[in-house]
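What you see is a predicted model; the values in this text were computed from it and never measured. Ligands are counted one by one from 1 in listed order, and the atoms in each one are counted from 1 as well.
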Amino acid sequence: MTSERPSTLAQLRSAVSAGLVRRRAVRDEIRENLIGRLRAKQPIFPGIIGYDETVVPQIVNAVLSRHNFILLGLRGQAKSRILRALAELLDEAIPVVPGCEIHDDPLAPLCSACRARVRTEADALPVAWLGREARYVEKLATPDVTIADMIGDLDPIKAARAGLQLSDELTMHYGLLPRANRGIFAINELPDLAGKIQVGLFNILQEGDVQIKGYPVRLPLDLLLVFSANPEDYTARGKIITPLKDRIGSEIRTHYPATRQHAMSITSQEAWVSRPGATGSGVQIPEFVREVVEEVAFQARQDSKIDKRSGVSQRLPISLLENVVSNAERRALVANESAVVPRVTDVYAALPAITGKFELEYEGELRGADNVARDIIRGAVGNVFAGYFATADLRQVTEWFDLGGTLQVDDGIDAGELLTRTAQVQGLRDLTAHAGVGAKPSAPLLAAAVDFILEGLYAQKKITRSDEFQYQGAEPPPRRPVRTAAPAEPTPEHDLPMPGTKKKYYN
Ligand SMILES: [Zn+2]
């Protein structure tokens with residue numbers, strides 16, 4: 001088809017009547033192309049993970065309904081990405097009048113300049129083809145966006161140069177909306193638009209056309225309008241004028257990944273971790289490090305010290321994983337190691353990728369962003385560790401520390417040194433079998449597993465460590481009479497446990 005695309009108005013007209021070129025409104029075009037994908041069982045939004053059962057069906061319904069729609073969600077929920085992906089549902093290219101700012105259809109031009117060209121050039125009028133990327137226009141709403149930006153204005157300079165009356169249509173300066181004609185116009189953070197711009201949008205949704213101030217013509221634009229907003233801003237009274245809300249066909253809620261697995265897939269897809277030029281066997285990220293990174297975001301989203309209204313973006317684990325890999329890369333470069341293998345302690349070294357990605361509540365402000373982040377990492381490590389080591393017997397290792405053993409290891413020391421220093425801890429090496437690093441792990445991978453166990457025990461408060469990564473036994477528990485039904489413990493005669501019953505203490 002590309003080679004046979006009509007290049008004049010006469011050719012276009014016969015191609016249209018022969019059914020070779022279709023003329024249809026944007027929302028019909030997107031709807032019909034979507035139907036084609038559904039019938040062919042093709043993915044609707046490749047690369048959008050975790051929305052197959054929730055968000056995607058609702059978007060499909062909105063498109064099938066030919067609705068203008070809004071995505072409501074916190075930051076980092078792939079809203080912009082979804083909106084951009086809508087452009088993939090447009091035809092590969094459409095015929096336009098060359099040079100027209102509003103992408104006029106050569107067979108039915110709106111602007112006076114194009115209409116004049118059709119009159120003078122007639123069948124010989126050249127036809128250009130506009131690709132789908134050029135038909136997607138995106139605007140971040142800010143309070144200073146004006147009607148002139150959005151819809152248009154008269155252009156006195158244009159008028160003066162051409163010697164035209166200001167009322168002449170040819171002096172019009174088109175805003176973003178007319179320039180998006182025959183395409184998709186996306187406005188992000190809709191509630192940030194000033195009220196009168198919202199009124200202007202309402203008119204377009206209501207009437208299907210725009211009128212540029214001072215001109216007698218109305219432009220019947222052909223557009224799919226899509227929006228995004230933070231749900232609380234959108235529902236807050238007075239932020240969105242009610243008639244505008246009423247004209248938006250579908251309101252679709254996005255969400256953060258529901259499972260750690262979905263989240264890990266997104267992070268794997270987005271994070272830059274395959275470092276060209278990395279030493280020897282490249283970057284190997286243990287699964288438990290990926291899980292800890294992801295769990296940091298999950299924990300942060302639940303943390304009462306973090307503002308839930310602004311959310312914790314999926315960009316947090318993405319940036320965090322990149323920074324964790326970099327810390328491991330730096331260690332490997334300095335130590336001249338064969339592979340870049342991130343460890344759990346590298347997550348603590350990556351605080352700069354965390355602290356800017358959430359807003360603190362008052363309680364969090366008091367604690368300080370770094371401390372809040374460290375607490376969250378510790379919670380995340382504890383959670384992931386509990387999953388891996390649910391059935392492991394950790395006593396031999398904790399006893400070694402309780403008997404006064406101490407270890408000084410940190411994210412700066414190389415794998416060989418870490419393994420040497422930790423070799424004295426009886427039972428520690430055996431436990432690495434639970435970390436999922438395989439039967440014969442490389443030294444950096446084994447070191448990462450050992451590091452995971454030490455950090456896991458610390459996270460579960462079974463051992464302690466200083467901020468300088470000195471590990472030692474847990475603080476002796478506060479002295480209080482602890483009695484159990486264990487036979488070894490001497491119990492007063494009148495208090496002997498009956499077989500099959502457990503002694504209970506209420507205090
Ligand atoms: Zn035109």
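- Protein atoms that are N, O or S and lie under 2.8 Å from the Zn ion (ligand 1) are these: C100 SG, D104 OD2, C111 SG, C114 SG.
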I'd like a table of donor-acceptor pairs (distance under 3.5 Å, sequence neighbours excluded) in which one partner is a side-chain atom from residues 34-47, with atom names and distances.
residue : atom : partner : partner atom : Å
R37     : NH1  : P43     : O            : 3.4
R37     : NH1  : I44     : O            : 2.9
R37     : NH2  : E88     : O            : 3.2

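- In terms of heavy atoms, P342 sits closest to R331 at CA-NH2, 4.2 Å.
- No side-chain heavy atom of N323 sits less than 4.5 Å from a side-chain heavy atom of L351.
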Do any side-chain atoms of residues 191-198 form donor-acceptor pairs under 3.5 angstrom with protein atoms, and if so which ones, sequence neighbours left out?
residue : atom : partner : partner atom : Å
Q198    : OE1  : I241    : N            : 2.8
Q198    : NE2  : L193    : O            : 3.0
Q198    : NE2  : K239    : O            : 3.0

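- Legend: residues meeting side chain to side chain donor-acceptor pair (under 3.5 Å) with D246, ordered by chain and number and at least two apart, are absent.
- Using modelled atom types, no side-chain atom of W129 and backbone atom of E92 make a donor-acceptor pair closer than 3.5 Å.
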